[in-house]
Amino acid sequence: MAHFEKAKNLNEWMDQRLAVNTLKKVMNTEYWIPKNINFLWAMGMVLAATFGILLVSGIFLLMYYQPNVNLAFDSVNYTIMSEVGYGWLWRHVHGVGASVVFLIIYIHMFTGIYYGSYKKGRELIWLSGMGLFVAFSAEAFSGYMLPWGQMSYWAGMVITNLFSGGGLHADFLVEWIRGDYVPGQAFLGRFFMLHVLLIPLAIIGLIVLHFGSLRIPHVNNQDGEEFDFAEAAELYKAGKVKESKVIPFSPVFLSKDVLVMGVYFIFFFYLVFYHFEFAMDPVNFDPANGLKTPTHIYPEWYFLWSYEILRPFSTNVGLIAFAIAQVIFFTLPFLDRSPNVAPASRRGLFKFWFWALLIDMIILTFMGKLPPEGIWSTIGLVAALTFMGLWIALPIITSREKKL
Amino acid sequence: MKELKIFGIVAVFTLILYWGVEPFAHSQMHKHVKGADLVYNGAADIVECEQSKKEMKKAFWADVQKIAALKGDAAAGEATYAMCAGCHMEGAANMGGVIPPSLDHAGAIYDKNFLIALIKDPAIATNVDHKYADTMAHPMGSIKTMVSEPQDIANVVAYLQAKKAGEVTPKEAYVEACSRCHANRYGKLTQLGEIPKTKSNIATGKDIDAMKYQEKVATEEASLANYLGKLPPDLSIMIRARSEHFLHTFIEDPQSQLTGTAMPRTGLNKEGMEKVFAYLEETGDPSKPLREETGPKVLLFFIIFTALAFLWKKSMWKGHH
Amino acid sequence: MAKNEQGRRDFIGMALGGFTALGGIGALYAMKRTWDPLPSVKAAGFTTIDLKDAQDNVLVVEKWRGKPIFILKQSADMLAKVKEDDKKRLINIGDSHYVVCVGLCTHLGCIPGYDAGDQSFLCACHGGMYDSTANVTKAPPPRGLDIPPFRVDGTKLVLGETGPEYEKMLADGTTLKV
């Protein structure tokens, strides 16, 4: 048994047993963040806050949701929306949150791409982040099944059909995933389990990994500059806060984080109360009907770019293109052959690559929503081919990049 | 300033993304139907119908206008109304597929020209004549021969507007105009009326009265589905499943949004439409009042929060720049 | 206490924290309301019981708010044996007298059984006993079986609503509020 002296106060008592003061230094007051950053660096905390909001609103929805094909729709649209005290609020918060979280994820992702925050020691941050993107995508898809509306049913039907592998005709696999020939009770039950337990646990684990992988390389900065954190920390602690290149996470960086979150919450709750149809599509307010496909089915906006890569090609080609699109982002740290950690604006052709990718994905998003007819399918095809072309070009462009 | 520029770029891309995915895409997916502003003069019907029927319809609606110009005698109309009451009465049976709706507030919620047209020829008035070889086959078709004199029609309509009007609640408007075909389970309404309260048998745990009622409803629904081709959807949450514009134009002239549909035009006037919409909102969006009340408070909270956060940030960052 | 670099109290930080706590209280209120019983649950709390077919000394069991309700019509000789104190437990409709009470032992909630021969209730869980008016005769139950709110409507009783007879029972302590 280690030797324990009598503690003088509560803080000392906790510190003797849990090293709270060391934890406080390591995680907060002496966790050094570069000063040369902008508000985009707060997106991570905004995501954590949004995940928290989704978790809490989800808890209250879970109290009344019935994962049964006959009861699910009304448990949400009647019980929760009209009977449960503030049930409508949790539902709106959860639906809007599930959509807005992807906006922030994409902003966060593209910030990382722009500033080269996936290179030279930061590969695991990028990979765990992409893992989180996949986990959030699975969480969003499984969650969308739960209200058991028309869109829930038909999205479930279409997406599970992908697993037949086109020409492979792996129907047995599709039936195994569904637990039935079509999406039904078995399907709803397992996606409920995934949404409420398994995927949230995976997300929490990945968040821990994401934070852990960030600690040693430290947060990047607007110029991609590599500097001595220990030296900058000493300067700061000596009181030279203006000269130092770093700030402590708490309270300095946190205070800016909180400001960004305040602005974000105004935007978020404006959507929750006044402008929520984009997140709660009218088609899903028709109860699921296995004998009638809606005139227009489409995934939620954040899946549209990837959906559009699937659509313009023949079945097997489309499936391969789709599969590639899902994993290609993981390979970014390895396809980018340049050693430069710098904002895209200073990286020659990479600058054009970045904006071309962003605009291409926005075009793919638009086309994914539009009916696959006439000029829209042509544009969609061109955009899908451009997407592939950009990723093939990446190693070529970056290997010829001038070293900064 | 650089941060403001970056924020501007993010905001612009977000707004472009929103525009493409929502307003633009929806405008491409759903053709815009103008609607007739609740004017029932058959203008849209004449445009929509096949060539061979256009003359007939023009003449029909011109006749309706003529009848509308006559002065109706409500007292005389009351006697004629007896022809209607035979079917449109409390506890009426199913007639040719549907139970005739109550007319208790018909004068208040339906348009005058529509009522005239309806008595003249129900199938043409409701724009479902393309479903019948002979419009006499319409469940209400026989009214054409029973009340055909222009003055008689004017009198009955005057009677409706005088004696079958008055204050109407949203629920009453819905029950009279919609519920014979469209159930509303959130409002506890079936095509047979309000779901009665029943009690389970204490020994068996089964509620026989409820089961018997369910059987009656199921039989009625089967009859409706047979008559119309499919069961009209439950409207509990329809207010969130379709846009307000769609519902408005659809109720006014179903053919304009869903060509070939079996749904008849309802002939609701402005008051009727408002009351029906109010009921649809009662069952489909009951949290709306509280949501509109709470919204400003929550936003105000976060505006003050952000202001305080800004001050805190400034104080924490003093001397750092 | 949060202090900034100069060692002064971080007032604005505390103000922000306090204001955020206010928001937290608002959120907690919404959460509390989400736990409240639903309106449909509370509305279902009314049951109508028709007493006209009840027989003397035959226990009838109904359900109200998920709980068993005992209805025991008093025969002439049962009435004769009723103690003075217990008379206020009876409901008088026309010529008949009834005991209407919640069939859950006031000790810990088990359902007591009725012995028509003995004209008494026995709770098997811990041996508590009640007489023919469901007033307690043997410990451990602390009081007689509770009487639910009721309103007399002809030969019917509407449980869940209150009437003058029930109000009187509440006022003179015959029953606690259920």
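Here is how names work: the chains are called A, B, and so on, in the same order as the sequence lines, proteins then strands, and each is numbered from 1. Everything numeric in this text was worked out from a predicted model, so none of it was measured.
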Would you say B:Lys199's side chain and C:Ile49's backbone share a donor-acceptor pair under 3.5 angstrom? no
Answer yes or no: does atom NZ of C:Lys87 have more than 12 heavy-atom neighbours from other residues, nucleotides or ligands under 6.0 Å? yes
Rounded to the nearest 0.5 Å, the CG atom of C:Leu16 sits from the CD1 atom of B:Ile304 at a distance of 12.0 Å
If you count heavy-atom pairs under 4.5 Å between each of B:Phe301, B:Phe302, B:Phe305 and chain C, which one has the most? B:Phe301
For C:Lys63, does the NZ atom have more than 12 heavy-atom neighbours from other residues, nucleotides or ligands under 6.0 Å away? no
Contact part of B:Leu311 toward chain C, heavy-atom cut-off under 4.5 Å: side chain, backbone, both or neither? both
If you draw a 6.0 Å radius around CZ in B:Phe310, do more than 12 non-hydrogen atoms from other residues or ligands fall strictly inside? no
C:Thr47 versus chain B, heavy atoms under 4.5 Å apart: side chain, backbone, both or neither? side chain
Would you say C:Glu161 has more than 12 foreign heavy atoms packed within less than 6.0 Å of its CD? yes
Are there over 12 heavy-atom neighbours, none belonging to B:Ile208, within less than 6.0 Å of that residue's CD1? no
CZ of B:Phe7: more than 12 outside heavy atoms within 6.0 angstrom? no
Work out which heavy atom in C:Ala15 is nearest to a heavy atom in B:Leu308; give both atom names and the distance. O-CD1, 4.2 Å
Once you round to the nearest 0.5 Å, how far does CG of C:Asp10 lie from CE of B:Met316? 3.5 Å
